[in-house]
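In what follows, a structure is listed as structure tokens, so that the remarks can point back to it.
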There are 4 protein chains.
Amino acid sequence: MVPRGRPRDTQVDERVLRIAAALLLERGYTGLSIDEVAEQAGVAKTTLYRRWPAKDHLAVAVVARLQADDEITDTGDIRADLVNYLEKIAAGLNRMRAAGHREGPSAGTVGELVAAAARHEDIGRLTRKQYAERNTLALALIEAARVRGELRADLDAEPLFDQLAGALYYRVMITGAPVDRAYVERLVSSALERNLTCP
Amino acid sequence: MVPRGRPRDTQVDERVLRIAAALLLERGYTGLSIDEVAEQAGVAKTTLYRRWPAKDHLAVAVVARLQADDEITDTGDIRADLVNYLEKIAAGLNRMRAAGHREGPSAGTVGELVAAAARHEDIGRLTRKQYAERNTLALALIEAARVRGELRADLDAEPLFDQLAGALYYRVMITGAPVDRAYVERLVSSALERNLTCP
Amino acid sequence: MVPRGRPRDTQVDERVLRIAAALLLERGYTGLSIDEVAEQAGVAKTTLYRRWPAKDHLAVAVVARLQADDEITDTGDIRADLVNYLEKIAAGLNRMRAAGHREGPSAGTVGELVAAAARHEDIGRLTRKQYAERNTLALALIEAARVRGELRADLDAEPLFDQLAGALYYRVMITGAPVDRAYVERLVSSALERNLTCP
Amino acid sequence: MVPRGRPRDTQVDERVLRIAAALLLERGYTGLSIDEVAEQAGVAKTTLYRRWPAKDHLAVAVVARLQADDEITDTGDIRADLVNYLEKIAAGLNRMRAAGHREGPSAGTVGELVAAAARHEDIGRLTRKQYAERNTLALALIEAARVRGELRADLDAEPLFDQLAGALYYRVMITGAPVDRAYVERLVSSALERNLTCP
DNA sequence: CACTAAACGAGACGGTACGTCTCGTCTTCTG
DNA sequence: CAGAAGACGAGACGTACCGTCTCGTTTAGTG
């Protein structure tokens with residue numbers, strides 16, 4: 001398939017995403033205005049809509065780039081690996097938390113993205129797929145630890161990871177409590193140690 | 001303090017919240033229009049804004065009323081009590097999930113509310129306070145179980161409840177996975193049983 | 001007929017009119033807000049509406065009081081008498097001109113009063129009656145001058161006074177040109193001297 | 001200068017002004033609602049506000065178009081020319097008089113326009129400029145008559161025209177008296193003949 | 001080099017909701 | 001009853017976005 005017509009200006013993507021990121025982080029989701037992005041980027045609105053079909057898509061793209069690659073590593077020490085991985089997730093969330101001037105404790109932008117995923121089926125599919133991949137990796141990590149005997153044999157991995165990741169999101173979005181290294185370690189401890197007393 | 005002037009019509013709150021709830025659940029956050037609520041409720045917009053300073057505030061009030069009284073009970077069986085309580089939370093979330101057109105897997109409305117809390121400092125304070133109360137109750141439940149020996153003595157209650165509630169929110173908002181009774185039971189089991197093998 | 005119940009507080013009228021005048025002159029007709037007048041006067045809106053059925057009526061009352069009594073005097077010198085009288089009218093108009101911060105050249109408040117008279121039949125009747133009285137006096141003045149031979153015998157008094165008063169209003173409302181003593185004298189001269197060359 | 005961007009739809013101006021004129025004449029100034037104009041013209045409110053920054057501006061534009069071209073002609077007979085020209089002005093005023101419900105004697109709409117000119121500096125400038133042009137033409141007409149000896153050599157043209165036009169406005173806005181051909185002729189006679197008896 | 005196809009800048013446009021601002025009416029309690 | 005206080009209905013206003021459209025202009029590749 002031969003490309004016809006004038007090729008897209010690749011610098012546009014870069015410039016737009018940079019400026020959109022600045023706006024999003026500085027003023028929050030509402031403050032991210034298509035008109036303003038276009039103007040600041042010296043780009044026509046048409047050009048934006050040629051690349052991202054709606055503001056929500058642009059916002060998702062911006063955040064996706066901010067989160068980047070949360071690598072997962074398996075050192076054989078499940079506790080350390082989980083702490084390590086969860087900390088990366090926490091870092092991404094904390095970055096969102098700063099968005100929107102007031103820098104209140106709650107990460108409104110994360111909420112907006114959830115809403116965006118609900119508004120647009122394609123965004124929903126995309127983000128769920130990405131989260132599914134992340135989940136798969138984490139579950140594999142846990143499974144490996146189970147197989148090699150670090151975790152108990154009849155472990156239910158799915159809710160375990162839900163608990164870990166969920167606690168982070170819960171604090172960031174709902175209670176507004178801090179999510180730092182100390183908390184992550186408490187969290188992993190709480191999740192891995194037995195809680196019920198042995199009868 | 002003596003009340004001065006014409007007292008507020010208490011029926012208005014009732015009527016408005018009922019209609020707003022219907023709109024919110026049927027058409028989602030965007031479909032909840034102040035003008036329409038006012039019209040359907042036979043109320044002037046001024047009257048709405050006298051009670052709720054912005055649409056966000058109305059929406060939060062609507063949802064607060066839908067969640068309403070998630071009573072927590074202490075039967076002496078911490079596992080059953082937690083399952084019971086989490087199911088109530090899950091029910092509330094699932095109700096939100098249905099909100100808005102496509103009945104997609106993700107509860108966009110919850111995300112909007114998180115965003116609303118971030119946009120308005122007062123909403124943020126209010127909701128965090130409410131969640132803090134809920135947390136307090138749950139932590140007391142857990143603490144009581146610890147004291148009477150159902151849970152281990154050195155239990156860290158805070159992350160434990162974060163894990164439980166967080167997992168529900170995480171699935172509803174992020175992964176889109178179902179949150180039903182079966183899952184809640186798996187979740188509580190996962191959180192309460194020991195996961196690390198004894199060395 | 002015996003008066004029953006609490007008698008009206010006569011101080012209210014005074015206070016309200018004073019404050020309304022201040023607002024009207026300072027901010028113009030739009031800036032004259034019933035709510036604000038009530039608040040500043042320490043008076044309930046009910047009380048205002050008991051006295052003046054609408055904002056327009058209050059405004060008219062305010063202006064009527066500002067104009068007060070344009071006395072007309074007959075010294076036997078029609079030119080001087082007219083100049084004298086027109087100057088009083090001009091003074092009233094110039095007072096209105098200052099109204100509304102921008103102190104532009106045009107007296108918007110006069111226009112608003114005209115509009116008010118058109119909106120409310122009763123205001124229209126009232127003001128037209130007042131203007132009719134003024135007219136009657138002026139016409140009598142002119143007529144007397146005619147009878148005693150100062151003015152020509154077949155003079156048409158009605159358009160003559162229309163011309164004089166009208167020119168003032170025209171400049172104040174339409175062209176924005178100044179209306180001072182010098183102009184009034186030119187005006188009277190122009191109206192009284194013959195303009196057509198004698199054939 | 002190259003035109004950039006999508007050109008304005010010229011039909012919009014036409015349609016909007018037509019419909020706005022209909023509303024203004026039928027229901028008066030208050031009855032001229034931006035929302036309704038937009039709806040009836042099949043045009044977005046945004047489009048209206050792009051052309052006229054406020055309702056006042058639209059109203060002025062509507063009236064300006066109604067008045068349109070009051071051509072002035074110089075036949076060499078100053079009396080006839082003045083009558084002719086004043087009649088055109090009177091016609092415009094009488095058209096305004098009909099505007100708004102009660103078809104009362106006073107042209108409230110003219111008052112509203114005066115008020116509009118006072119509220120917005122730009123409208124004031126614009127309308128004063130237009131009236132200045134009209135004045136210039138009329139003064140030229142009078143001046144020509146003076147030069148050719150129809151009017152006396154030391155005539156003061158400015159107050160003369162003020163008197164003529166002013167009388168019309170005065171009757172329409174203030175006294176509510178009729179302004180028809182007969183009156184215009186009396187008016188011109190009154191203004192042109194000598195009024196003082198020769199001493 | 002002409003021609004085609006698409007990207008691009010600019011900005012008008014339709015649509016829609018928001019939140020604000022008055023006005024004039026009403027309802028309650030107090031003197 | 002008058003008055004203070006303030007809720008209420010009604011309705012327009014002007015604003016702020018979004019996403020689409022319609023131009024004219026540029027930038028490639030192709031015959």
Side-chain angles (χ1 to χ4, degrees), chain A residues 2-9 12 30-36 38-39 41-56, chain B residues 2-10 12 30-39 41-56, chain C residues 3-9 12 30-36 38-39 41-56 58, chain D residues 2-10 12 30-39 41-56:
Chain A
V2 184
R4 308 275 262 140
R6 175 174 171 177
R8 289 205 180 159
D9 183 343
V12 165
T30 308
L32 176 69
S33 147
I34 292 284
D35 290 74
E36 193 165 358
E39 189 184 334
V43 150
K45 282 209 292 176
T46 334
T47 304
L48 289 188
Y49 280 99
R50 196 170 294 120
R51 288 164 164 79
W52 301 277
K55 168 176 166 175
D56 282 338
Chain B
V2 184
R4 308 289 240 115
R6 175 173 174 176
R8 292 213 177 153
D9 184 341
T10 52
V12 165
T30 308
L32 174 68
S33 146
I34 293 283
D35 290 74
E36 194 166 357
V37 169
E39 190 186 334
V43 149
K45 277 209 293 177
T46 342
T47 304
L48 289 189
Y49 280 101
R50 194 171 296 118
R51 288 166 163 77
W52 302 277
K55 169 177 167 174
D56 282 339
Chain C
R4 309 272 265 136
R6 175 173 172 176
R8 287 204 183 165
D9 184 343
V12 165
T30 308
L32 175 69
S33 149
I34 292 283
D35 291 74
E36 194 166 358
E39 190 185 334
V43 150
K45 283 207 295 174
T46 333
T47 306
L48 289 188
Y49 279 100
R50 196 171 291 120
R51 288 166 164 77
W52 300 277
K55 167 177 168 175
D56 282 337
L58 174 57
Chain D
V2 184
R4 309 291 237 110
R6 176 173 173 175
R8 290 211 175 157
D9 184 342
T10 52
V12 165
T30 309
L32 174 68
S33 145
I34 292 282
D35 290 75
E36 194 164 359
V37 170
E39 190 184 335
V43 149
K45 275 210 293 178
T46 345
T47 302
L48 289 189
Y49 280 101
R50 195 171 295 118
R51 288 167 162 77
W52 302 279
K55 170 177 164 172
D56 282 339

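Model, not experiment: these values are computed from the prediction. Heavy atoms only: backbone and side chains are in, while hydrogens, waters and symmetry mates are out. In what follows, chains are A, B, ... by sequence order, proteins preceding strands, each numbered from 1.
Atom CD in E36(C) sits roughly 12 Å away from atom C1' in dC21(E) (whole-Å rounding). Atom CD in E39(C) sits about 19 Å away from atom P in dG3(F), given to the nearest Å. Going from atom CH2 of W52(B) over to atom P of dA17(E) covers 19 Å, rounded to whole Å.
Side-chain atoms of T46(D) stay outside donor-acceptor range of the base of dA12(E), with no qualifying N/O pair under 3.5 Å. Under 3.5 Å, the side chain of R4(B) and the base of dC29(E) form no donor-acceptor pair of N or O atoms. K45(A) contributes a side-chain N or O that forms a donor-acceptor pair with the base of dG19(F) under 3.5 Å.
For dC8(F), one of the phosphate oxygens OP1 or OP2 lies less than 4.0 angstrom from a side-chain nitrogen or oxygen of R51(B). The shortest distance between the side-chain N/O atoms of R6(A) and the OP1/OP2 oxygens of dG29(F) is not below 4.0 Å. The shortest distance between the side-chain N/O atoms of T47(B) and the OP1/OP2 oxygens of dG9(F) is below 4.0 Å. The side chain of R8(D) contributes no N or O atom lying less than 4.0 Å from OP1 or OP2 of dT22(F).
Looking at heavy-atom distances under 4.0 Å, S33(C) makes contact with sugar-phosphate atoms alone, never a base. Nucleic acid contact for L48(D): none, since no nucleic acid atom lies under 4.0 Å from a heavy atom of the residue. A54(A) comes within 4.0 angstrom of the backbone, heavy atoms only, and of no base. Within 4.0 Å of L58(C), counting heavy atoms only, lies no atom of the nucleic acid at all.
Atom-to-atom distance recorded for T47(A):OG1 and R51(A):CZ is 6.5 Å, nearest 0.5 angstrom.
I34(A) places a side-chain heavy atom less than 4.5 Å from the side chain of Y49(A).
Of the candidate nucleotides dG24(E), dG9(E), dG14(F), dG14(F) has the atom nearest to the side chain of Y49(D). Checking dG14(E), dA12(E), dC23(E) against the side-chain heavy atoms of D35(C) singles out dC23(E) as nearest. The side chain of P7(B) approaches dT28(E) more closely than any other nucleotide in the set dC23(F), dG9(F), dT28(E).
Each of A44(B) and G42(C) was assigned the nucleotide of DNA chain F with the nearest heavy atom; the assignment lying further toward the 5' end belongs to G42(C).
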